[in-house]
Amino acid sequence: MHNSGQRVVITGAGSGLGRELALRYAKAGARLALADMNTEGLKETLAMAEALGAWGFTARCDVRDFSQLAALAQTCQERMSGVDVLINNAGVSSGGFFWDLTLEDWEWQISINLMGVVKGCKAFMPMLMEQRSGRIINIASMAALMQAPGMSNYNVAKAGVVALSESLMVELQPLGVKVNVVCPSFFQTNLLDSYRGPDSPSKEQVAQLLKNSPITAADIANIILEESEADRFMILPHESGRQAWAAKQTNPQVIYDEMVKLAVKKMETAGL
């Protein structure tokens, strides 16, 4: 693939999918700007990318703080003279039935998973508009499309990322800037390290789903690079996710009925 020298920014690059994306782009010869709150993880990711022959730098960045993202954009301008790919990947998981979730749970989830992406796009927008080129890849989730029970705040935040990406895609395409959104199902990652939920059984259920996933974060990173380069707007890396989304588009009621059954099961587990 002739995309060597691409200048790529990745938030949440200290672990999981963000790290695998960094390594995948490193293999393709990219220059990397890696951001995360986890500075230890960032150092490891950079060392792994450098071992693959890539050049890069790291920045501690909390996506809730616009000034940190704006500073990151400024550093990219200074050190790389611009950006070709911005990947808004930083995210956290959470769960719990609506009646158990506090408003603080909602604020936390939306401030990171939705507003973190909005702020990431906003921070790099002047540069992308001036360049009249580049690509934004926003990492959402199948939760944006399927809305499973017991994770309403996560579902809403990720659905917002899809709507944001659709909006940006139509506004930025005339300016030469491309947009993709990725909706992975559960995959093997360390997302649960940041998990916040009122009960541990739901965390265990999610852990089980992650463990049973036949696809790794590295596989997903491969798919993201290939399908974004092919200009596929919505990237659904999982076969099961593609099938579920096709089913929902054809007959939403089938999916709603399945989700209600799932809710009943979850409530029985929770002793409701």
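Atom CG of residue Leu114 and atom CG of residue Leu164 lie 7.0 Å apart, to the nearest 0.5 angstrom. With values rounded to the nearest 0.5 angstrom, Tyr154 atom OH is found 13.0 Å from Ile110 atom CD1. Taken to the nearest 0.5 Å, the CZ atom of Arg232 stands 10.5 Å off from the CD1 atom of Ile223.
Scanning for salt bridge (Lys or Arg N to Asp or Glu O under 4.0 Å) contacts around Glu171 gives an empty result, with sequence neighbours left out. Applying the side-chain contact (heavy atoms from CB on, under 4.5 Å) criterion to Cys183, with sequence neighbours excluded, gives Ala140, Met142, Leu145, Val162, Leu236. Checked against side chain to side chain donor-acceptor pair (under 3.5 Å), Asn89 has no partners two or more places apart in sequence or in another chain. Under the rule for a salt bridge (Lys or Arg N to Asp or Glu O under 4.0 Å), Glu107 has no partner lying at least two apart in sequence or in another chain. In terms of the side-chain contact (heavy atoms from CB on, under 4.5 Å) criterion, residue partners of Thr45 (sequence neighbours excluded) are, by chain and number, Arg19, Ala22, Leu34. Residues satisfying the salt bridge (Lys or Arg N to Asp or Glu O under 4.0 Å) test with Arg132, not counting sequence neighbours, are none. Partners of Lys122 according to the salt bridge (Lys or Arg N to Asp or Glu O under 4.0 Å) rule, which considers only residues two or more places apart in sequence or in another chain, do not exist here. Thr39 pairs by the side-chain contact (heavy atoms from CB on, under 4.5 Å) definition with Arg60, not counting sequence neighbours. For Glu268, the side-chain contact (heavy atoms from CB on, under 4.5 Å) test picks out Val264, with sequence neighbours left out. The side chain to side chain donor-acceptor pair (under 3.5 Å) check on Asn251 picks up nothing, with sequence neighbours excluded.
By the 6.0 Å contact criterion, CZ on Phe98 is open, its count of non-hydrogen atoms from other residues, nucleotides or ligands being 12 or less. Atom CE of Met129 has 12 or fewer heavy atoms from other residues, nucleotides or ligands within 6.0 Å.
In this structure, the side chain of Arg64 does not engage the main chain of Gly116 through any donor-acceptor pair within 3.5 Å. The main-chain N or O of Trp55 is never found under 3.5 Å from a side-chain atom of Arg31 such that the two would form a donor-acceptor pair. Of the possible polar contacts, none joining the Asn222 side chain to the Asp219 backbone as a donor-acceptor pair under 3.5 Å is found.
When hydrophobic side chains of Ile, Leu, Val, Met, Phe, Trp and Tyr are connected at separations under 4.5 Å, Met48 ends up clustered with Leu23, Leu52.
Counting heavy atoms from C-beta on, the side chains of His238 and Ile220 come closer than 4.5 Å. A 4.5 Å side-chain heavy-atom check between Val182 and Asn138 finds every atom pair outside the cut-off. The shortest side-chain heavy-atom distance between Phe233 and Lys178 does not fall under the 4.5 Å cut-off. A heavy-atom distance below 4.5 Å is found between the side chains of Ile136 and Met125. Under the 4.5 Å side-chain criterion, counting only non-hydrogen atoms from C-beta, Ile87 is in contact with Val8. At least one side-chain heavy atom of Val156 sits less than 4.5 Å from a side-chain heavy atom of Trp106. Taking 4.5 Å as the limit, some side-chain heavy atom of Gln74 sits within range of a side-chain heavy atom of Glu78. In this structure, the side chains of Ser228 and Ile235 come closer than 4.5 Å at one or more pairs of heavy atoms.
Applying the side chain to side chain donor-acceptor pair (under 3.5 Å) test to every pair with at least one member in residues 144-153, sequence neighbours left out, gives these pairs: Ser94-Asn153, Gln147-Lys248.
Judged purely by distance below 3.5 Å, without hydrogens or angles, the side chains of Gln109 and Asp105 never pair a donor atom with an acceptor atom.
A salt bridge is defined here as a Lys NZ or Arg NE, NH1 or NH2 lying under 4.0 Å from an Asp or Glu carboxylate O, and Arg135 with Asp231 meets this definition.
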Give the C-alpha distance, both sets of side-chain angles, the deciding distance and a yes or no for side chain to side chain contact (heavy atoms under 4.5 Å, CB included) between Met127 and Val83.
CA-CA 8 Å; Met127 183 193 300; Val83 160; 3.8 Å; yes

Please test Asp257 against Gln253 for side chain to side chain donor-acceptor pair (under 3.5 Å), starting from the C-alpha separation and ending with a verdict.
CA-CA 6 Å; Asp257 293 344; Gln253 197 58 49; 3.0 Å; yes

